[in-house]
Amino acid sequence: MAKNKDKFKFDISISQDLYEWADPDKLQEARKAAVEAAGMVWSDETKELTRREDHIDTSFYVNSIGYVSTIPERNKSGQGGKEATEADVIYNLEESMNETSLKIGSAVPYAAALEKRFGLMARGLDIAKPRMQRVSDYQIKKKLGLL
C-alpha cells in the first residue's frame with residue numbers, strides 16, 4: 001500500500017493462491033518492491049502535475065515529493081532556488097509479515113497549504129493509479145520469477 005501523510009491510498013492485492021505458492025521471504029521482497037515502485041510513480045506524476053500547472057517557482061516543493069530530485073526552478077520571481085534534502089522528503093516504509101506500507105509526500109513548510117489549495121498529491125494519485133498498478137504487478141512477477 002502506498003499512501004501520503006494525508007491518507008490517500010493505493011492498495012496492492014496479492015492473491016491467496018500466490019501467498020500459498022510463494023516463498024514467504026520472496027513474497028515480502030516482492031511486496032516491498034511493488035510498493036516502492038508504485039510510490040515512485042505517484043511521486044513522479046505529482047511532480048509532473050505540479051510543474052505542468054506551474055504551481056511553484058523555486059522547485060523546492062517539487063524536488064521534495066517522495067524522493068529528492070533536481071528539477072530546475074522556474075525562477076519567475078528572481079529569488080532563485082533552494083535544493084531539497086532528505087529532511088524535506090516524506091518517505092516512510094513500514095513492513096510487517098502481512099503488510100508493507102509507504103507514506104510519501106513533501107515535508108516543506110508550505111506542502112500542506114499547497115495540498116489543501118490544489119490537491120496535488122490527490123490528483124497525482126488519480127493520474128498515477130493505472131501506471132502504479134502496472135509497475136507493482138511487474139515487480140511482483142519479477143521478484144517471484146514469474147516473468
Side-chain angles (χ1 to χ4, degrees), residues 1-74 81 83-147:
M1 167 192 334
K3 59 185 173 180
N4 84 345
K5 66 182 184 125
D6 294 317
K7 305 290 186 212
F8 303 117
K9 290 175 69 174
F10 175 78
D11 290 315
I12 299 169
S13 302
I14 298 176
S15 73
Q16 187 61 35
D17 289 342
L18 196 52
Y19 267 106
E20 292 170 6
W21 172 81
D23 172 81
D25 291 335
K26 286 270 191 206
L27 191 57
Q28 190 168 4
E29 183 182 327
R31 200 173 56 228
K32 180 180 177 185
V35 168
E36 288 177 322
M40 178 71 76
V41 169
W42 186 358
S43 296
D44 288 346
E45 290 294 345
T46 303
K47 288 173 189 254
E48 177 59 33
L49 172 68
T50 304
R51 287 199 39 90
R52 186 173 54 246
E53 292 184 356
D54 203 20
H55 289 294
I56 49 88
D57 182 41
T58 66
S59 76
F60 182 42
Y61 173 69
V62 169
N63 287 325
S64 68
I65 299 170
Y67 64 94
V68 174
S69 56
T70 57
I71 297 167
E73 71 270 4
R74 303 269 167 115
E83 289 186 20
T85 67
E86 292 296 328
D88 302 311
V89 173
I90 295 173
Y91 186 95
N92 299 321
L93 185 72
E94 297 175 4
E95 291 186 274
S96 69
M97 284 302 292
N98 298 321
E99 184 176 287
T100 302
S101 66
L102 174 62
K103 296 177 184 177
I104 63 169
S106 172
V108 302
Y110 50 89
L114 284 175
E115 184 57 38
K116 185 175 182 180
R117 184 167 181 192
F118 301 111
L120 297 167
M121 291 295 296
R123 292 189 300 130
L125 176 60
D126 288 342
I127 294 165
K129 277 183 180 179
R131 192 166 142 229
M132 289 169 73
Q133 190 63 57
R134 285 193 307 275
V135 299
S136 61
D137 288 347
Y138 175 81
Q139 288 299 321
I140 290 168
K141 290 175 184 172
K142 180 180 171 188
K143 294 292 181 185
L144 295 177
L146 300 173
L147 291 178

Smallest separation among heavy atoms of [X] and [Y], with atom names:
X    : Y    : answer
S43  : G66  : OG-CA, 3.3 Å
K26  : K143 : CD-O, 3.7 Å
S106 : A111 : O-CB, 3.4 Å
G39  : L102 : CA-CD2, 3.9 Å

Measure the [atom1]-[atom2] distance between [X] and [Y] for me, rounded to the nearest 0.5 Å.
X    : Y   : atom1 : atom2 : result
K32  : L93 : NZ    : CG    : 5.5 Å
Y91  : Y67 : OH    : OH    : 11.0 Å
I65  : L49 : CD1   : CG    : 8.5 Å
K129 : E45 : NZ    : CD    : 13.5 Å

Donor-acceptor check, side chain of [X] to backbone of [Y], threshold 3.5 angstrom: yes or no?
X    : Y    : answer
E115 : L120 : yes
K103 : N92  : no
S96  : E99  : yes
N63  : I71  : yes
W42  : M121 : yes

Does R117, at its CZ atom, have more than 12 non-hydrogen atoms belonging to other residues, nucleotides or ligands within less than 6.0 Å?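 No, not enclosed.
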Is the number of heavy atoms from other residues, nucleotides or ligands under 6.0 Å of Y138 OH greater than 12? no
By the definition side chain to side chain donor-acceptor pair (under 3.5 Å), identify the one residue from K141, R134, Q133 that meets it with D137. Q133
Given side chains that start at C-beta, do those of K47 and R51 come closer than 4.5 Å, heavy atoms only? no
Hey, are E53 and R123 close enough for a salt bridge, meaning a charged N less than 4.0 Å from a carboxylate O?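 Yes, this pair counts.
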